[in-house]
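These numbers come from the heavy atoms of this one structure, side chains and all, not from hydrogens, waters or symmetry mates. Quantities reported herein were computed from a predicted structural model and do not represent experimental measurements. Chain identifiers are assigned alphabetically (A, B, ...) following the order of the sequence lines, protein sequences preceding nucleic acid strands; residue numbering begins at 1 within each chain.
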Protein chains: 2
Amino acid sequence: MPDSLHRFKAEVFQALAHPTRIAIVELLRDGPVSAGKLIEQLGIEQANASQHLSVLRAKQIVLNRKEGNQVLYSLRDPILSEVLDIMRRYFQAHISGTLAALGEIEKAETVGR
Amino acid sequence: MPDSLHRFKAEVFQALAHPTRIAIVELLRDGPVSAGKLIEQLGIEQANASQHLSVLRAKQIVLNRKEGNQVLYSLRDPILSEVLDIMRRYFQAHISGTLAALGEIEKAETVGR
DNA sequence: TTTGTCTATTCTTATATTCGAATATACTAT
DNA sequence: ATAGTATATTCGAATATAAGAATAGACAAA
């Protein structure tokens, strides 16, 4: 039954399908970071960050351990950094088209008009 | 502003964050396939498949071209297959844990109880 | 033109996600 | 104990996504 594989992958993608959560994964790339530091870097509400961390925890993207007063988060598997690296290449290969598709650009389209 | 990059990546992940759409991408791995063939392989409602294809089109994951009566879909960039390959490795590395996390297993947890 | 086949869109309903605000819990220090 | 700091959870409102049913459009064959 291949669909449980698909479901699993879909859940991982779903967990990564938010700008804040991608930012979190990238911040964890070089080693564990405390929740507080993450919140500071992200510049968002504490509760909101905590919710996103909760999503990543639920899908086992990140691990957390208490360190005295605070909670250290880390990437469970660096393989996920690889995925983001590939996404970076993908992005670079398609910048113009994808930015346009995302509605980030309306200029340069009207050059020939 | 790094956040537009994050937004872009998040949108791609979002597009892939559904079992049916993952299945579609995998079916397109070895070359273009018609919408009809896809629907047949997926075994879902025609309308539903078409909606998922629409999502993939909107995010530029797939390309489509009319071929007489039908519409041929293809992967825009095979790099996405790579991503799925990596996901497969990720999955294999964490099967038991992730299945448990996805609630697919309750057995073997009660061994020591 | 009419009919049949293939594909896309729209509509509705059900469910999920996201956010901020408020609250709760855990640990440290006094 | 009490107070302070760090983190998590709960709640409610707004928005997004998913599915089937029904409909529409595009092309091919007669």
Length of the NE2-C1' vector between His52(B) and dG20(D), whole Å = 12 Å

Ala47(A) side chain: which of dC27(C), dA21(C), dA19(D) is closest?
-> dA21(C)

Verify the distance criterion only: is there a donor paired with an acceptor across the side chains of Gln14(B) and His18(A) at less than 3.5 Å?
-> no

Considering only heavy atoms and no angle criterion, is a donor-acceptor pair shorter than 3.5 Å present between the side chain of Gln46(B) and the base of dA8(C)?
-> yes

Compare side-chain N and O positions of Arg21(A) against OP1 and OP2 of dT17(C) and report whether any pair is under 4.0 Å apart.
-> no

Quick one: Lys37(B) NZ to dT7(C) P, roughly how many Å, whole number?
-> 10 Å

Measure from the side chain of Gln51(A), starting at C-beta and using heavy atoms only, and say which of dA8(D), dT10(D), dT9(C) lies closest.
-> dT10(D)

Salt-bridge present (Arg65(B), Glu67(B); N to O < 4.0 Å) | yes

Answer yes if the side chains of Tyr73(B) and Arg57(B) hold a donor-acceptor pair under 3.5 Å, and no otherwise.
-> yes

Taking only Lys NZ, Arg NE, NH1 and NH2, and the carboxylate oxygens of Asp or Glu, determine whether Arg29(B) and Asp85(B) approach each other closer than 4.0 Å.
-> yes

Minimum-distance nucleotide to Asn69(A) side chain [options: dT7(C), dT7(D), dC27(C)] | dC27(C)

Here the distance between atom C1' of dA16(D) and atom CD of Glu11(B), to the nearest Å, is 12 Å

Measure the distance from CD on Gln70(A) to P on dT7(D) and round it to the nearest whole Å.
-> 5 Å

To the nearest angstrom, the CD1-C1' distance between Ile44(B) and dA19(D) comes to 10 Å

Considering just the side-chain nitrogens and oxygens of Tyr73(A), establish if one lies under 4.0 Å of OP1 or OP2 belonging to dA8(D).
-> yes

Selected nucleotide, minimal atom distance to Ala35(A) side chain, candidates dC27(C), dT7(D), dC27(D) | dT7(D)

Gln14(A) CD to dT15(C) P: how many Å, rounded?
-> 17 Å

Round to the nearest Å and state the distance from Leu38(A) atom CG to dA6(D) atom C1'.
-> 13 Å

Between Arg21(B) and Glu26(B), is the closest basic N to carboxylate O distance under 4.0 Å?
-> no

Whole angstrom is fine here: how far is it from CG in Asn64(A) over to P in dA8(D)?
-> 7 Å

